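Since the structure comes first, as structure tokens, the remarks are kept for the end.
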2 protein chains.
Amino acid sequence: MEPITIKDIAKALNISTSTVSRALRGSYEINTETKKLVMEYAEKMNYRPNPIALSLKENRSRAIGVIVPEIANNFFSQAINGIENIAYNRGYHVVIFQSHESYEREMVNVQHLFARKVDGLLISLSGSTRDVNHIENYRENNFPVVYFDRVPEITDAHKVVADNFDGAFRATEYMIQQGKRTIAHITSPPVLSITQERLAGYKAALEKYGLPIREELIKFCYFSPEEAFNAIDSLIKNYQPDAFFTASDRLALNCYEAHKKKIIELPKDVMFFGFTNLNVAHLLEPPLSTIVQPALELGQTAAEILLDIIENKRRGKGYETIKLKTDLHIR
Amino acid sequence: MEPITIKDIAKALNISTSTVSRALRGSYEINTETKKLVMEYAEKMNYRPNPIALSLKENRSRAIGVIVPEIANNFFSQAINGIENIAYNRGYHVVIFQSHESYEREMVNVQHLFARKVDGLLISLSGSTRDVNHIENYRENNFPVVYFDRVPEITDAHKVVADNFDGAFRATEYMIQQGKRTIAHITSPPVLSITQERLAGYKAALEKYGLPIREELIKFCYFSPEEAFNAIDSLIKNYQPDAFFTASDRLALNCYEAHKKKIIELPKDVMFFGFTNLNVAHLLEPPLSTIVQPALELGQTAAEILLDIIENKRRGKGYETIKLKTDLHIR
DNA sequence: ATCGTTCCCGACAACGATTGCATAAAATTT
DNA sequence: AAATTTTATGCAATCGTTGTCGGGAACGAT
């Protein structure tokens with residue numbers, strides 16, 4: 001069956017479409033009798049307003065867009081679940097797009113979501129995004145955007161992030177307290193906010209304990225496994241680190257993979273600490289201690305702020321950057 | 001800036017909207033001069049047709065819907081990547097929804113996608129879906145649907161699946177050839193097509209080698225970890241299996257988790273074989289051999305069939321069930 | 001009987017784009 | 001010069017819904 005429209009109802013009951021429309025939304029200026037008639041018929045015929053017509057008319061869609069680099073990543077899929085929780089409860093749908101770490105894809109996604117009149121956007125930037133003009137353009141014209149996790153450096157924006165500095169600091173501190181002195185840091189591209197913050201936390205901990213910051217122990221890796229393998233290999237060959245601090249799921253797994261494939265020969269008693277939401281961390285050997293981001297809460301918080309903006313419930317409140325605490329799981 | 005419309009262009013150039021519309025699509029009946037004028041102005045003003053208006057007019061959206069139980073699952077996220085590949089190349093967008101293994105959520109998702117006029121649907125059924133009337137209702141009225149992975153039993157439908165029987169058969173056969181005689185099978189709810197097929201493959205292999213089919217070695221588990229833990233625990237206590245054949249990512253991980261937590265004491269030389277697309281399988285201890293589904297190809301194939309249906313490129317071809325071969329990874 | 005209210009409802013336009021039909025002007029044929 | 005065809009454009013309807021405006025009927029007040 002083609003979906004039934006307001007026109008069909010009007011024709012069937014011999015009244016005008018305006019009356020049907022008003023009756024359905026319970027307008028006070030419609031006779032109670034008429035209202036009942038319309039409501040019952042609509043119910044019987046399983047009438048559903050056409051959301052596309054509504055979007056066209058009202059210039060909105062009751063949907064929010066989410067752009068993440070990859071959904072095949074525990075952190076992001078948990079964050080998405082948080083977003084969906086809040087959004088569904090508040091009557092919004094969630095449209096998910098992946099940038100696949102590509103700036104171009106990200107641009108296209110933003111444009112498409114905007115053209116499709118999503119009421120707002122939640123975005124975690126791609127690894128190759130150098131600036132956010134493609135987003136700020138829209139935001140300048142009152143398009144609501146909340147950045148989360150991987151956020152831009154601009155100050156006048158809503159952002160929700162994990163406390164990356166603190167997490168990295170505490171992890172590094174723990175490794176030092178366990179007697180580690182040569183702590184390698186394998187991390188993501190330096191352009192990302194999370195990379196910078198985690199790096200700063202790592203350095204701050206070293207400084208606090210009077211350890212030297214050795215740039216040669218810090219390796220930035222893009223998105224190919226080989227790059228990570230090489231980085232790890234050269235670290236071990238040249239500096240024999242007694243601990244590895246990896247900044248992402250991917251890099252942690254790359255380490256274990258290199259180990260497993262005997263690409264690298266691990267020093268004894270080496271310690272692994274990762275900034276990761278891997279759900280298999282506790283199953284790995286040697287143990288992987290982790291700094292876990294509150295992914296679900298992060299998503300929820302970001303969604304709540306976005307919906308508040310959309311529904312104008314944030315009068316008075318300015319821009320803010322919300323930082324959520326991370327959890328340390330020592331293994 | 002509010003997006004520019006065809007009307008704005010018409011006003012600016014002092015011509016009618018029809019002319020603009022036709023000029024933009026290069027209609028032959030528009031003067032070459034006028035066309036150039038319009039095209040250039042549209043280009044300059046960065047005109048983009050309003051997709052919502054188009055959807056309303058044309059009753060379609062150039063988008064396809066995808067419903068999966070969970071995106072936080074390697075198999076599904078790979079399948080989605082396959083779908084996106086094909087869809088984007090053919091000019092379609094992909095709208096992703098999760099059913100979270102809930103029949104109700106699945107129904108709502110289907111309704112919403114249909115109301116939003118997606119041009120077709122790719123779906124892998126939720127674990128609590130007992131029938132597919134909520135989908136077939138729409139399909140009867142020519143709404144294109146392709147089922148993948150977890151498919152219904154109905155025959156007149158397009159389906160794309162992995163060869164679950166064959167994969168399970170080969171895995172079980174391998175375990176038998178390695179001398180295993182008490183092979184436990186921990187699997188998903190019996191209502192799922194994949195459960196049935198994998199079970200059948202398992203049984204067929206046992207039969208081929210003259211081993212008894214012991215129903216007490218077969219455990220169906222729903223979606224709580226405790227259930228799996230208990231199942232594993234009681235299997236070990238009562239029957240000391242020398243091999244475990246798990247039917248999903250989740251169940252394989254549950255096994256390792258139970259092992260790690262010392263909830264279970266593993267028999268020596270026990271073998272693990274899992275139907276899974278986990279990207280960490282090779283990192284686990286004891287080794288997890290796997291039957292890997294061609295998730296990406298599965299998504300691609302399903303998307304191709306769906307788009308062919310949408311674009312009427314399947315004249316003559318009837319319903320078919322496409323089975324893709326699985327890969328055995330022995331570890 | 002006239003006026004002002006109140007109640008209930010319908011006509012019309014609008015959102016942005018497409019398209020069948022009509023038509024004016026120009027070009028061509030007779 | 002008249003008739004016909006071609007070329008180029010505009011008008012109006014359409015998709016489904018809502019908001020603005022206006023108006024008829026019924027009622028009470030004057």
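Keep in mind that this is a model prediction, so the values were computed, not measured. All chains are named by letter (A, B, ...) in the order of the sequence lines, taking the proteins before the strands, and each is independently numbered beginning at 1.
In this structure, Leu24(A) atom CG and dC9(C) atom C1' are separated by 15 Å, rounded to whole Å. Rounded to whole angstrom, the span from the CD1 atom of Ile9(A) across to the P atom of dG10(C) amounts to 14 Å. Following rounding to the nearest Å, Ile52(A) (CD1) and dC15(C) (C1') show an atom-to-atom distance of 14 Å. Atom CG of Leu54(B) is separated from atom C1' of dT19(C) by 13 Å (rounded to the nearest Å). One can place CD1 of Ile6(A) at 15 Å from P of dA11(C), the figure rounded to the nearest angstrom.
Taking only side-chain nitrogens and oxygens, Ser21(B) never comes nearer than 4.0 Å to OP1 or OP2 of dA17(C).
Partners of Arg48(B) under the salt bridge (charged side-chain N to carboxylate O under 4.0 Å, His left out) rule, at least two apart in sequence or in another chain, do not exist in this structure.
Atom NZ of Lys323(B) has 12 or fewer heavy atoms from other residues, nucleotides or ligands within 6.0 Å. For CD of Glu153(B), the number of neighbouring non-hydrogen atoms (other residues, nucleotides, ligands) closer than 6.0 Å is 12 at most.
Applying the ring-ring contact (aromatic ring centres under 6.0 Å, His included) definition to pairs two or more places apart or across chains, those involving residues 116-147 of chain A are Tyr103(A)-His134(A), Phe114(A)-Tyr138(A), Phe114(A)-Phe143(A).
Proximity of Ile71(A) to Phe76(A): side-chain heavy atoms (C-beta onward) are nowhere separated by under 4.5 Å.
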Sequence-aligned protein contact record of nucleotides 7-15 of chain D, with B where the base is within under 4.0 Å of a protein heavy atom and S where only the sugar-phosphate is: -BBBBB-BB
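Counting any heavy atom pair closer than 4.0 Å across all strands shown, Arg60(A) reaches no nucleic acid atom.
Remark: Arg116(B) CZ to Arg116(A) CZ distance equals 8.0 Å, nearest 0.5 Å.
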